[in-house]
Protein chains: 2
Amino acid sequence: MEKQTIEPRTYGDECDGCTGPERIEVMRFQRAIRAITGKWKIEIVCSLVAGPMRFGELRRALPGITQHMLTEQLRDLARNGIVIRTAYPEVPPRVEYALSQAGIDLMPTFGALHDWALRYQDRLAD
Amino acid sequence: MEKQTIEPRTYGDECDGCTGPERIEVMRFQRAIRAITGKWKIEIVCSLVAGPMRFGELRRALPGITQHMLTEQLRDLARNGIVIRTAYPEVPPRVEYALSQAGIDLMPTFGALHDWALRYQDRLAD
DNA sequence: CTCGATAGTCTGCTTTTCCATATTACCTCT
DNA sequence: AGAGGTAATATGGAAAAGCAGACTATCGAG
């Protein structure tokens, strides 16, 4: 039996030279995903939902994280405009991290993905 | 000026022994994220939205992917119940990949995240 | 009998991510 | 004077992810 080309493949066909609009959208999407992947990023964002927190406060809220990791992940989140870093030139130094509007607006999408995970958690490996 | 504990920290406070419900939810969430992270996973899922595809067909639709990567990513997606692999014991071998219901239901969450990425793309690094 | 197509697997390598352990600089408290 | 807290940086190593290229088995076409 022959397989008679189930459906026109608009996605693949338009991407011979990587110029189709779909590909560009996928790339943007990937960038968004990359902005929130990282072992602690989601936990950090979820912690900050309740309000701004200081560096050490976050560290205590995330048992197991190293200073290095926290610094790195926060820097990354700030670089992507998801959290806002505010350093107060006091001594001892005080640095506060808060969600930006982008960070706050991220939560509904988290909610959607969480609902999905809840529905299909039994088939999710690991 | 003193900082008077902006808000009760329900998340951090309950997680001293990693037993709070929020932590468990974050872990579930992380599992969902891990199921869709990987350099080609999203492109594969987006390709399959139009209908089932064969291995080689997918490979041609994703220029730049290696056989190894495609095999691996598909296996991973199948392991997480997002795609369904159907091998027909013919010769030459024919293997078809299709989105499962979980995979189809994933699309709206992709849409939400995509909208977010669209709105804030100018501050996304990289 | 060799060639090509299919859907892989196997091996070795590079890059990225993750993690632990120092070390810094400044100020306060004792 | 010395201990302690704060927010980092620096260094070095382990683990995971990604990549290229060679190899397999089967069958039909030429």
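Letters go in sequence order (proteins before strands), and every chain restarts at 1.
- Here the side chains of B/D76 and B/K41 are in contact, with some heavy-atom distance below 4.5 Å.
- Put simply, NE2 on A/H68 is 9 Å from C1' on C/dA20, counting in whole angstrom units.
- A 6.0 Å sphere centred on CZ of A/R75 holds no more than 12 heavy atoms belonging to other residues, nucleotides or ligands.
- Nearest heavy atoms, A/V26 versus B/C46: CG2-SG, 4.3 Å.
- Nearest-nucleotide assignment on DNA chain C puts the 5′-proximal partner with A/I65, out of A/I65 and A/P92.
- Between B/Q73 and D/dG18 there is a side-chain N or O to OP1 or OP2 distance below 4.0 Å.
- Between A/F110 and B/F29, the closest heavy-atom pair is O-CE1, 3.1 Å.
- The base of D/dA17 lies outside donor-acceptor range of the side chain of B/E72, with no N or O pair under 3.5 Å.
- Here C/dT6 is the nucleotide among C/dT21, C/dC10, C/dT6 with the atom lying nearest to any side-chain atom of B/R60.
- The distance from atom CD of B/E96 to atom P of C/dT6 is 14 Å, rounded to the nearest whole Å.
- One interatomic measurement links the two molecules: CG of B/D76 to P of C/dG8, which rounds to 14 Å at whole-angstrom precision.
- One interatomic measurement links the two molecules: CD of B/E90 to P of C/dT6, which rounds to 13 Å at whole-angstrom precision.
- Where B/P93 and B/R75 each meet DNA chain C at their nearest nucleotide, the meeting point lying more 5' is that of B/P93.
- Using a 4.0 Å heavy-atom distance criterion, A/Y88 is classed as making no nucleic acid contact.
- Comparing C/dC19, D/dC19, C/dA7 by their nearest atom to the side chain of A/M69 picks out C/dC19.
- Regarding contacts with the backbone of D/dT6, every side-chain N or O of A/R54 stays at 4.0 angstrom or more from both OP1 and OP2.
- With C/dA20, D/dA20, C/dG8 as the choices, the nucleotide that has an atom nearest any side-chain atom of B/R85 turns out to be C/dG8.
- Set against D/dA7, C/dT11, C/dA7, the side chain of B/V95 has C/dA7 as its closest nucleotide.
- Position along DNA chain D of the nearest nucleotide to A/Q67 versus B/G64 favours A/Q67 as the more 5'-ward residue.
- One can place CZ of A/F55 at 18 Å from P of C/dA25, the figure rounded to the nearest angstrom.
- Taking side-chain N and O atoms only, A/K39 has no distance below 4.0 Å to OP1 or OP2 of D/dA16.
- The only option from B/L48, B/V83, B/V95 that meets the side-chain contact (heavy atoms from CB on, under 4.5 Å) definition with B/M53 turns out to be B/L48.
- B/I42 places its CD1 atom 11 Å from the P atom of D/dG18, with the value rounded to the nearest Å.
- Applying the 4.0 Å criterion to OP1 and OP2 of C/dT17, one finds that A/W40 has every side-chain N and O outside that range.
- Contact check for A/F55 versus A/E96: no side-chain heavy atoms found under the 4.5 Å cut-off.
- We find that CG of B/L62 is positioned 15 Å from C1' of D/dG18, with the value rounded to whole Å.
- Atom P of nucleotide D/dC19 and atom CG of B/L70 are separated by 12 Å, given to the nearest angstrom.
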